[in-house]
Each structure stands twice: as C-alpha cells, then as structure tokens.
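Down below is the structure, laid out as structure tokens.
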Amino acid sequence: MKISDFQTKDVINIIDGKKLGQISDLELDLKQGRVDAIVVPNYSKFLGIFGGGTELVIPWRNIVKIGEDVVLVKMEEPRPPRLEEPEAALTTYRP
C-alpha cells in the first residue's frame, strides 16, 4: 500500500462514530522499518477562521481496521482536567 492510498481514506473513531479527518502524514520508525502512527489534521476552528489547527497523532496500535474507504481507529476522548471545588477556589477579601 502506498502513502497516497492512505491519504484518500477517512479516519473514523469507533468509540463515538465521529469522522476525524483524512490522513495527512505518517510517523515512521526507520530503525525498525515500521509505521508508528498516522497523523490527521484536527482543526478546532469555527468555519476555519477562529482558533488554531493542530494535528492528531494516532498510534498504530489504535488502528482497528484498514478498509477500502476508511481507517477505523479506537480513540478514547481525553477528559478535561478536574477543576477545584468552587468554594475552595473563591476567596473573599474583607479589610
């Protein structure tokens, strides 16, 4: 399979069924002669205008199936950091 064949496939997360995009690049381990990860552009923009684009690096071990049209991956959604309790975070200054 050629890299250009990968770039035409949609990447779908089987956890939530969301389309993550199309493969833009591969991370290679030249010493071992293998693919370490696929790279998918991940744009957190509103209509491509606001915000910055980042890349989503998906380790090869997270690939479940490579089909003719899609690459199925299993990516757990990262959890946001836990915030402090509201009472502990608020302090009142009284002179």
Side-chain angles (χ1 to χ4, degrees):
M1 182 175 281
K2 301 176 195 173
I3 292 175
S4 59
D5 293 337
F6 267 114
Q7 292 177 324
T8 61
K9 298 179 187 298
D10 291 328
V11 179
I12 307 292
N13 187 359
I14 65 170
I15 298 292
D16 57 10
K18 289 184 182 177
K19 177 181 172 184
L20 302 176
Q22 291 186 331
I23 298 170
S24 64
D25 206 353
L26 299 174
E27 286 191 0
L28 305 174
D29 180 346
L30 297 178
K31 291 181 182 178
Q32 299 292 324
R34 66 179 180 208
V35 177
D36 276 346
I38 59 175
V39 180
V40 177
N42 183 25
Y43 297 101
S44 58
K45 298 180 180 181
F46 177 74
L47 300 175
I49 300 170
F50 304 106
T54 60
E55 292 181 330
L56 179 61
V57 179
I58 303 170
W60 189 258
R61 68 181 174 274
N62 289 46
I63 296 176
V64 176
K65 179 79 174 173
I66 300 173
E68 287 189 37
D69 299 324
V70 297
V71 176
L72 300 177
V73 299
K74 187 174 183 180
M75 294 292 298
E76 296 288 334
E77 194 68 30
R79 294 182 181 161
R82 187 174 171 187
L83 298 176
E84 294 180 29
E85 295 295 322
E87 297 84 31
L90 296 175
T91 58
T92 305
Y93 174 74
R94 292 189 178 126

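Hydrogens, waters and symmetry mates are skipped; everything else that's a heavy atom, side chains included, is used. Residue numbers start at 1 and run along the sequence shown.
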Any link between V11 and V57 through a network of hydrophobic side chains (Ile, Leu, Val, Met, Phe, Trp, Tyr) touching at under 4.5 Å?
no
Hey, what do you get for CG (D25) to CD (E55), rounding to the nearest 0.5 Å?
7.0 Å
If two hydrophobic side chains count as joined below 4.5 Å and joins carry through other members, does I15 share a cluster with L72?
no
Heavy atoms, side chains only, cut-off 4.5 Å: are D10 and D69 in contact?
no
Minimum side-chain heavy-atom gap I58-V71 below 4.5 Å:
no
Tell me whether K9 contacts the main-chain N or O of I23 through its side chain, where contact means a donor paired with an acceptor under 3.5 Å.
no
So if you build clusters from Ile, Leu, Val, Met, Phe, Trp, Tyr with side-chain heavy-atom gaps below 4.5 Å, do W60 and L56 land together?
yes
E76 CD to N62 CG distance, which is reported to the nearest 0.5 Å:
9.0 Å
Co-membership, hydrophobic cluster, residues L26 and I66, 4.5 Å side-chain
yes
Tightest non-hydrogen contact, residues V39 and E27, listed as CG2-CG, 4.1 Å
About how many Å separate CG of N13 and CG of L20, when rounded to the nearest 0.5 Å?
5.5 Å
Give me the atom names and distance for the closest heavy-atom approach of A37 to P59.
CB-CA, 3.9 Å
hydrophobic_cluster_shared for M75 and V40, side chain cutoff 4.5 Å:
yes
